[in-house]
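Residue numbers start from 1 in every chain, and the chains themselves are labelled A, B, ... in the order their sequence lines are given, proteins ahead of strands. In this text, all values refer to a predicted model and were calculated from it rather than measured experimentally.
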Amino acid sequence: MTFTAMSLSTWVTLFAGLGGAVTLLYMLRMRRRRVEVPFGPLWQKVLTDKQTTSLWRVIKRIFSLLMQLAFIALLLTAIADPRWTGGHAVDFQAPREPEPRHTLLVIDTSASMQATDVEGTRMAAAITAAETVVSSMHPAESMMIARMDRDVTAVTDWTKDRAALKASLRGLMAGDTGTDVAPVMQFARNAVRGLPNAQVVLVTDRAFAPPDADLAKAISLKVIPVGSATETANLAVLDFNIRSHLGNGLKYALYAKVKNYGKKPVRAAVYLYGDATGNARRREDFVKLAPSMEPFYLELAPGEEQIVEKEAVDLVGSRAALLVEPYDKKKYSDALPTDDVAYAVVPVRKSVKVLLVGKPDLFLQAALSTRAAVDVLRVEPEAYTTSAGYDLTVFDMAAPKAPDAGSAIYVNVSGGAVPFAADGTVAGGALNVVSDRATHPLMKFIKFVDIEADRVQRFKVRKGDLVMARTKGGRAAVVAHADQEKRWVAVGFDPIGTEWVGHYSFSIFFVNAINWFFAEESKLIRPWSLATRWDVPVPWKVDRVDVLTPKGAHESALVDGGGTLAWTGREEGIYELRKAAGDKEPIVVAAALRSPEESTLGARGDYAAWVPPEIETEAPKLTVFGADLWQILVLLALGLMTVEWFTYHRRWTV
Amino acid sequence: MGRLFDEGFLKRLEYLHLVSKKLLAGKQRAERRSKKVGSGMEFADHRDYTPGDDFRYLDWQVFARMERMLLRLHEEEEDLTIYLLIDASQSMAMGLGSSSKYEHAARIAAALGYVALANLDRICIVPFGAQILDRMPPTRGKNQIFKVFNFLENVTPKGPTGLEESLRKFVHQNKRRGMAVILSDFYDPNGYDEAINYLRYNRFEPFVIHLYDEEELKPTLRGDLSLVDCETGTVKEITITPRLLAKYREVHEEFCEGLKQFCRRNQASYFRTPIQVPVDEIVLRIFRAGGFLK
């Protein structure tokens, strides 16, 4: 027999204390009221007769006290939790103070945990496994829960509250980001440093580069793996860009990288979606729309990666999403849908109204119309009175009056209301792009191959004027100017008299000019990677901007002194940045996973496995009639109390 | 007029006096007949023989005819003094009921004394406790009743009961024999038999009026108590239960019955009454029971 809940000395101390208190109370209770009687010997005779009956009469006076002391003894013995350990000896054990334990439970919430290669998702399996860890907590064990993806975040503090821990676990969701195990290991080492009996349990699919083995050993890292042990099929878009087509302003150029991570070949269907409404931010929004183009198909061998480049692609709007799916979903079950889609943003094309002032010139009119969203109206120089209502004024051979506002292109205008200074003409020659200006937006893709101009205007280049092209003799042939108020371009020769008008660069020059005037660049806007710092330049002088995330949450993000938003996105999709919530013209950026490690879905590295702790064997409970002994003792104690109460109040024991 | 004897009490005394005159009609004044065996010639009555009686006075004729042992009583004419011995111990002052036993005893003594004085008898009042506390000298004449009142009212019950010691001293102090009316609860740890016998041996005629309180017989006590004897201070711890109370009543009844039997055995008149009975009714019962007024 073993008493597991208290030592003998504790039992004796408690009994002495409680028994003494009960005895004192009993004696106080037994203090008698003094009553005078006329003749005591009569009562004496009564008592003499009664006291001679039996021994019971002698002890009944203390019967109640004995019963109450027995009650205390039974109750204390019940609290001592007697257990059967064999033999006849009775052993009192002081309750052992369990040694404190600490477990840091880290849950992988990276994108790969969204994989459906197990029942539900890997995340659901991870939460179930983590709940098992929580359920197996020792009473003296404290636990902290943290989540990890690209960063590590503590979800709870150290606590022994299993319910709170499980509630925190149930609130975890897999994100869209990759995994970086290094911060996790650093965090774990700091968290368990100096704590006794500490261990780190990581619930993960191991889809990341394994950590340093010595560090893992130092923090006693244990892993609960989740995910299918068999090969997992997965199609992934590893990269996706789209930009305006350089040669065709109406079209776009598409670049994508698609990989088959499965062991089976797959026919993949690729869909391009464009959003003209300006509201689509996530996959669910885009797939509701009609694709911008007919889907195209890729035949991908196992493990094959293909780069897709499409020229002259149609796209509606400025938000794009590329979706890759197995053509036959029954044959090829894609385990990770989140990497099947990628997002991109293209510059918004503005509609430009152009007023051409000059004689009919089909070459020039055609070149101006090359760019999409350009509306050209020609007027005779004599009829020109104002340029109000037009974004751009092109003066061909004559400039009777300066434009009221906006930018202007001057084509072989030698006099009149011009913003530049020119003094007659001089002999020209072969034309060349100034080498320093080859990367200027105005001169992109421009080459004057075998093009000569007989005469060129004698420009007087002033401060702020940029010479874009010169004759072989060094005369300025094309001059541009840009300041806070206006931009203008002057072509100092007559294109009609050259072969330039028959060259493609003639049209590109005017497309570049219009794009330069209206700040539309055809440069590539690359999507940002998730869980990295984004340095997005913003044009507003504010301290904070409103960020609308793909899931529709509004976040307030800081802007540094240089006008750059410092932000880290964790959801793939389209983000909208506004000066203030509700503004109509946001800055739009795209974010994508683009993590081959996550898309691989394969486990890497060998780890020590977490093993459920052994349950400490307790002495078997001694049962009587199916009840624990302590319960029987409590019942006996209550029975004694009942007997004592009954006998006392019925005056049997007094 | 004090607290014990008010106008109403005087009226009741007058009534008792009238009743007593009827009972005593045709008798000479100042001639009291004491119940003595063998001292007179005139047959008075029979009574049951009790051990100790002089069997020379047995009525053998009656025995032969009825097989019953009766004693022949002869009236002896003498001028008796009535001694009213009132127990004034502490137990008589106990007031478990509406009034104390002493107050009741004093009223009875006053009533008896009044009747006696009205009949030109001589009365002497002697209160006692552990010993004789005081003494009102023998008095005769109806007009002395107020003196009796004053004397009784001035007695304060206190101390233990010493029947034997008190009555021995009483006997020594009073050489003139007469009726010794003892009004007491007889709560004497040393008993009462020696005291009563001492009166008898010295030719006093004991007339025992045993007073008790109904509350004493049926106390309303319950629970754990320390019972303190009011005279000796002896403490007895006890837990009162219904069974114990029943036992107590048995013991009390035995005590009363013992006193009664003792008086019968020793030719002493015995009259027991609870103090809850009105005084005039008690006195009339005493008269009707005989022995006091003849």
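In this structure, B/H252 and A/L42 approach most closely via the heavy-atom pair CD2-CD1, 3.5 Å. Contact between B/D229 and A/F39 at its shortest, heavy atoms only, is OD2-C, 3.7 Å. In terms of heavy atoms, A/P38 sits closest to B/S91 at O-CB, 3.6 Å.
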Check residues 157-164 of chain A and write down every donor-acceptor pair under 3.5 Å in which the side-chain atom is one partner and the other belongs to a residue at least two apart or another chain.
unit_1: A/T159; atom_1: OG1; unit_2: A/D161; atom_2: N; d: 3.0
unit_1: A/D161; atom_1: OD1; unit_2: A/A163; atom_2: N; d: 3.1
unit_1: A/D161; atom_1: OD1; unit_2: A/A164; atom_2: N; d: 3.2
unit_1: A/R162; atom_1: NH1; unit_2: A/S135; atom_2: O; d: 2.9
unit_1: A/R162; atom_1: NH2; unit_2: A/M137; atom_2: O; d: 2.3

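Both the backbone and the side chain of B/Y248 come within contact range of chain A, each with at least one heavy atom under 4.5 Å from a heavy atom of that chain. Proximity to chain A is absent for every atom of B/D185, based on heavy atoms less than 4.5 angstrom apart. The contact between B/E254 and chain A is made entirely by side chain atoms (from C-beta outward), counting heavy-atom distances below 4.5 Å.
With sequence neighbours excluded, no residue forms a salt bridge (charged side-chain N to carboxylate O under 4.0 Å, His left out) with A/R34.
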**OP:** Starting from the C-alpha separation in whole Å, work towards a yes-or-no answer on side-chain contact (heavy atoms from CB on, under 4.5 Å) for B/V228 and A/V35.
**Re:** CA-CA 6 Å; B/V228 183; A/V35 175; over 6 Å; no

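The CD atom of A/Q44 sits 4.5 Å away from the NZ atom of B/K236 when rounded to the nearest 0.5 Å. Annotation: the span from B/L221 atom CG to A/R33 atom CZ amounts to 7.0 Å, rounded to 0.5 Å.
In the displayed structure, A/K166 atom NZ is contacted under 6.0 Å by more than 12 heavy atoms of other residues, nucleotides or ligands.
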